[in-house]
Amino acid sequence: MMGRRAHILLWLALPATVFLAVFFILPLIFVVGDSLSDGGAAFGRVAADPIFWSGLRGSMAIGISAPLFSLVIGYFVSLHMARKSERFRAAMMFVISLPLTFSGLVIAYGFILTFGRAGFVTTLLAKLGADPAVIGGFIFSPLGLGFAYSYYLIPRVVMILLPPLINFDHSQILAAKSMGASGFRAHFDILLPQLVPGFISAFCLTSAVAFGAYGTALALVGTQVNILPLVLYSKIAETGNDLPAASAISVVLMSICILVITVAETVTARKGSRSAKGGKSVQSAMVAG
Amino acid sequence: MTIRFDNVTYRYATGKGGLSDISLEVGKGELLVVIGPSGSGKSTLLKLLAGFMEPQAGRILIAGQDIRGVSAQHRDLGIVFQSYALFPHMTVLENIAYPLKLRRVGRDERIERARNALREVGLANAGDRLPGTLSGGQQQRVALARALVYKPKALLLDEPLSALDAGLRTDMRDLITHIQRAANIATIHVTHDQEEALSMADRIAMIHEGRLLQLAPPRELYDAPVDTTVAAFVGKANLWPGRVVSPTLVATAFGNIECVASAWQIGAAVTLLIRPEAVMPITDDDGQGKGPRQEDKQPGRPINRFNGTLTQDRFLGAVRRYDLVVGDGVITGETGYRGIISGVTISPDDVRVLPA
């Protein structure tokens, strides 16, 4: 017989369950249903479409390069912040988290105003002799897109790496140095291995975000750069007549993101005693981008 | 190898803490314990020696060589940290073999030496375990093995027992001294635990507010402290302010106390130190109990005698520690006697006269 406590917990879980069902499960069923509506032929059409494959390649390139770039910058930012006082860290976290509150479109326009052809930085560099066409064109290239993505990927990296870095017992580094390790060797042998789960989590999370990001890409490069979210967009907005194929691309995109997040969650769960404590779950660090 | 501090000074930017003009030497195979209250500068001393900080004045010499400018990496010292600082992602054996790996010792040899070191600390079967699965005492042993496996010039212990249970701490004291003696290595052990210091040290350096107050063997530090700060920090103490009235008499709030004050000028302000175990109870049961009767033991000699009321009586197992209120003052004594106590005697020989 179900206890009173279990009953209360069930009722408390109901709103979240309804929300999840209406806004995730139901749309997912419709999308999967749509993709299979012509007997799975939509997947065949997508697989035969070279634009899909070039979009997948583009997404993979951005989904790997932008997170890697963000990881490097985010690691050094976290390292610096971990050494500062709690008060300073709180202030810095506020500033660093700000990009997460902006929509992808706002960020894209911000980058255009700063690094675009008539952007502030481009104009400044042009005065110093740089070619404004080259500088201004960068932001509209795949590399430039990755650069813009890192604006809201770096905060996510910091949110994941900072807790284990704060909790890291610095006397381990001193111990390694006293045993004869150089500063670099001590960091490489002692600190970095303990942060590997955090690196993997941060990479997977930011990779999933970069894979699925749409607003920034659309506003910055339109459909000039081939990435999956924009291929998907073109199926609905431009031709608008192949909804099953759009659904099939959507299923592929979602599967990749879920797979990447699953890897991250598995690694986070396995952290256990072999790593520094205090890392946060990927989900808890996830903010819509 | 010997360690020497010559007039070493270090001041923190905040102005608080640090060391002032410290000079001391630790001989080969000697275990020097540095004690002092929190913030006294004892950890600073260790950091300066380890190379984590550089002194602003003075020199530190290891085996006669000035080590100014030599990084921690090249000082070749074994350090056991308060938190043990074991590497959680490495097994116990990998932890111990790590300093050997840094010295490019071949794999087979470093595994063998690490196993031997583990055996010496009584953890022969723990090699494949991760540090996180060990108890505090076991982690402590691993840290000790790791600090000694590469035969460093000196061993530094930074409050290594402070995180352990009281019972385990006593066992670990014996293990550390045993291993330190076997390695015959100059060792500096920092602690705030005076019992730990007294039981382990060859000599004790008492530091207070960055200054070295006394450097002496444990018994000398306890029996003949140089001032009231050392007397109060090391062991329990009755400290009574007074004034010398004759070479054998000091006036205090408890009345005139018989003692040896011939080294002091008449009228000098002094503090009298009486250790609690030197306070002898007078028994009310007139010989029925088994308490010591000091008057009978030293017939004809002057004795300081006080009658009062027992206000605190703490049973500590082997002894009881009691407070006897005499007038406006309190005398703390320790005895194995379990009968009624209504007064105490103090032999003049047990009264030590210190500067005020």
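Each chain gets a letter, A, B and so on, in the order its sequence line appears, and its residues count up from 1.
Shown here is A:Met60, whose CE atom has no more than 12 heavy atoms of other residues, nucleotides or ligands within 6.0 Å. Open room surrounds CE on B:Met1; 12 or fewer heavy atoms of other groups in view lie less than 6.0 Å from it. Enclosure of atom CZ in B:Arg11 by more than 12 non-hydrogen atoms of other residues, nucleotides or ligands within 6.0 angstrom is indicated. Summarising the local packing, OH of B:Tyr12 is surrounded by more than 12 heavy atoms from other residues, nucleotides or ligands at distances under 6.0 Å. Shown here is B:Glu54, whose CD atom has more than 12 heavy atoms of other residues, nucleotides or ligands within 6.0 Å.
For the pair A:Ala176 and B:Tyr98, the tightest heavy-atom approach, listed with the atom from each and the gap, is CB-CE2, 4.1 Å. Here the closest non-hydrogen pair linking B:Ser83 and A:Asp169 is OG-OD2, 2.8 Å.
Within the model, atoms CG of A:Leu191 and CZ of B:Phe87 stand 11.5 Å from one another, a figure rounded to the nearest 0.5 Å. Between atom CG of residue B:Leu102 and atom NZ of residue A:Lys177 there is a gap of 13.0 Å, rounded to the nearest 0.5 Å.
With a 4.5 Å cut-off on non-hydrogen atoms, B:Tyr150 touches chain A through its side chain but not through its backbone. Only the backbone of B:Leu86 comes within less than 4.5 Å of a heavy atom of chain A; no side-chain atom from C-beta onward does.
Under the side chain to side chain contact (heavy atoms under 4.5 Å, CB included) rule, A:Ser178 has a single partner from B:Asp76, B:Leu77, B:Ile79, which is B:Ile79.
Across A:Asp189, A:Ile190, A:Val196, the residue that shares the most heavy-atom pairs under 4.5 angstrom with chain B is A:Ile190. Between chain A and the residues B:His74, B:Lys101, B:Gln82, B:Arg103, the most heavy-atom pairs under 4.5 angstrom are made by B:Arg103.
With a 4.5 Å cut-off on side-chain heavy atoms, B:Pro88 and A:Gln172 count as touching.
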